[in-house]
Amino acid sequence: MYEKNYSTHFKFFIAFILLGCSSEVTVQYESANFTKITYTYDKKTDVITKFKIENRTEVPDEEEAEKVKQFFKELELLDGIKTTASEKYLIVDTSLEIDLKVLKYSDMKKSFVPAIRNLAEYFLDGDKDNATYEKTSQLIIARKFVQRKK
């Protein structure tokens with residue numbers, strides 16, 4: 001009986017330590033045109049592990065809306081990318097999330113897909129293989145994004 005209680009207490013203790021030691025931090029920024037960007041990074045290493053861009057765009061017609069939605073659907077075929085795109089009354093809401101543990105920053109910079117290279121250049125900065133939060137935050141603030149308080 002005591003052995004079972006020790007085992008249960010030990011499991012809770014280990015879970016508490018693992019959860020308490022998480023060094024991932026999430027920070028959000030927003031631009032004047034309401035583009036939102038969310039960075040998740042490892043506080044200990046300063047390496048960005050994923051980022052998400054959310055945007056709302058007015059389009060001239062249904063045909064253009066379909067082109068935007070199709071473009072996002074095709075981007076999702078790449079490893080490490082999740083997208084959504086929906087349209088209502090010629091307003092297209094899009095989101096694009098990149099897992100930088102799967103699609104590395106260094107691979108984005110040399111991607112055969114121009115949109116991926118542009119994302120790496122415009123929304124990320126770092127050293128060789130990794131995008132770092134410190135450099136990226138300076139870049140994104142210079143691009144007139146403002147950090148949102150949670």
Side-chain angles (χ1 to χ4, degrees), residues 11-150:
K11 289 177 185 175
F12 281 120
F13 178 72
I14 295 298
F16 178 76
I17 288 174
L18 292 175
L19 290 174
C21 293
S22 175
S23 66
E24 280 208 339
V25 177
T26 300
V27 182
Q28 293 183 328
Y29 292 86
E30 190 170 320
S31 70
N33 69 355
F34 303 108
T35 296
K36 296 177 191 169
I37 184 162
T38 305
Y39 296 101
T40 302
Y41 71 99
D42 184 309
K43 196 159 85 170
K44 291 179 183 175
T45 62
D46 192 43
V47 172
I48 297 173
T49 55
K50 67 180 170 183
F51 77 103
K52 181 177 184 177
I53 301 168
E54 300 169 275
N55 197 22
R56 174 170 278 184
T57 306
E58 188 172 346
V59 293
D61 53 43
E62 291 291 331
E63 183 179 333
E64 188 65 27
E66 285 306 312
K67 286 180 185 178
V68 171
K69 291 190 297 187
Q70 183 60 35
F71 175 74
F72 274 79
K73 187 181 267 189
E74 289 172 8
L75 279 179
E76 194 165 51
L77 297 174
L78 299 170
D79 285 342
I81 296 180
K82 293 179 189 175
T83 66
T84 62
S86 61
E87 180 264 333
K88 188 172 185 178
Y89 306 120
L90 300 179
I91 304 291
V92 181
D93 290 318
T94 58
S95 75
L96 178 136
E97 185 174 323
I98 298 181
D99 183 341
L100 291 169
K101 293 177 185 175
V102 177
L103 179 57
K104 303 285 186 199
Y105 172 60
S106 55
D107 293 334
M108 288 179 68
K109 292 188 296 185
K110 57 187 176 191
S111 175
F112 65 91
V113 180
I116 300 301
R117 287 193 313 270
N118 291 341
L119 287 170
E121 182 180 310
Y122 195 83
F123 291 107
L124 297 169
D125 196 2
D127 302 313
K128 296 182 185 177
D129 291 334
N130 296 310
T132 62
Y133 178 69
E134 184 177 342
K135 286 186 174 188
T136 297
S137 66
Q138 292 170 7
L139 172 75
I140 209 74
I141 289 168
R143 297 202 189 286
K144 306 292 186 216
F145 279 75
V146 177
Q147 186 173 346
R148 296 177 67 209
K149 303 293 183 205
K150 281 191 162 188

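- For the residue pair L90 and P60, the shortest heavy atom distance occurs at CD1-O, 3.7 Å.
- Side chain of T132 to backbone of D46: no donor-acceptor contact under 3.5 angstrom is found.
- Put simply, the side chain of K104 does not reach to within 4.5 Å of the side chain of D129, judged on heavy atoms.
- Judged by the 6.0 Å and 45° rule, R143 forms a cation-pi pair with Y122.
- The CD atom of E64 sits 12.0 Å away from the CD atom of E58 when rounded to the nearest 0.5 Å.
- For the pair T94/T57, no side-chain contact is recorded, criterion being any heavy-atom separation below 4.5 Å from C-beta on.
- Closest of all the heavy-atom pairs between Y105 and A120 is CE1-O, 3.9 Å.
- Residues I140 and F123 are in side-chain contact: their nearest non-hydrogen atoms beyond the backbone lie under 4.5 Å apart.
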Output, in order, the C-alpha distance, side-chain angles, deciding distance and verdict of ring-ring contact (aromatic ring centres under 6.0 Å, His included) for F145 and Y29. CA-CA 6 Å; F145 279 75; Y29 292 86; 7.3 Å; no
Could you go through K52 and L96, starting from their C-alpha distance and side-chain angles, then the distance that decides it, and tell me whether this counts as side-chain contact (heavy atoms from CB on, under 4.5 Å)? CA-CA 6 Å; K52 181 177 184 177; L96 178 136; over 6 Å; no
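- Atom NZ of K36 and atom CD of E54 lie 6.0 Å apart (nearest 0.5 Å).
- Looking at S95 and T84, their side chains do bring a donor and an acceptor atom within 3.5 Å of each other.
- Rounding to the nearest 0.5 Å places OG1 of T49 at 7.5 Å from CG of D42.
- Panel note: side chain K144, backbone I141; no donor-acceptor pair is recorded below 3.5 Å.
- Annotation for E121: atom CD does not count as buried by contact number, only 12 or fewer foreign heavy atoms lying within 6.0 Å.
- Partner L124 forms a side-chain contact (heavy atoms from CB on, under 4.5 Å) with one of I48, I98, L139 and no other, that one being I48.
- For the pair D99 and K50, the salt-bridge criterion is not met [side-chain N within less than 4.0 Å of a carboxylate O].
- Here the side chain of E76 pairs a donor or acceptor atom with the backbone of T83 at under 3.5 angstrom.
- The side chain to side chain donor-acceptor pair (under 3.5 Å) test with K135 singles out one residue from D127, D125, N130, and that residue is D127.
- The line from OG1 of T26 to OH of Y39 is 13.0 Å long, rounded to the nearest 0.5 Å.
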Under the side-chain contact (heavy atoms from CB on, under 4.5 Å) rule, what do R56 and D93 come out as? Steps first, then yes or no, please. CA-CA 5 Å; R56 174 170 278 184; D93 290 318; 2.6 Å; yes
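- Atom CD of Q70 has more than 12 heavy atoms from other residues, nucleotides or ligands within 6.0 Å.
- To the nearest 0.5 Å, the span separating CG on N33 from CG on N55 amounts to 6.0 Å.
- Residues E87 and V92 form a side-chain contact, since some pair of their non-hydrogen atoms from C-beta on lies under 4.5 Å apart.
- Within 6.0 Å of atom CG in D61, more than 12 heavy atoms from other residues, nucleotides or ligands are found, so the atom counts as buried in its surroundings.
- Here the straight-line distance linking atom OH of Y41 with atom CG of L100 works out to 14.5 Å at 0.5 Å rounding.
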For residues 108-119, dump all side-chain donor-acceptor pairs below 3.5 Å to protein atoms at least two apart in sequence or in another chain.
from: K109; atom 1: NZ; to: K128; atom 2: O; distance (Å): 3.2
from: S111; atom 1: OG; to: V113; atom 2: N; distance (Å): 3.0
from: R117; atom 1: NH1; to: S111; atom 2: O; distance (Å): 2.5
from: N118; atom 1: ND2; to: P114; atom 2: O; distance (Å): 3.4

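- Here the closest heavy-atom approach between residue A131 and residue T136 is recorded as CB-OG1, 4.4 Å.
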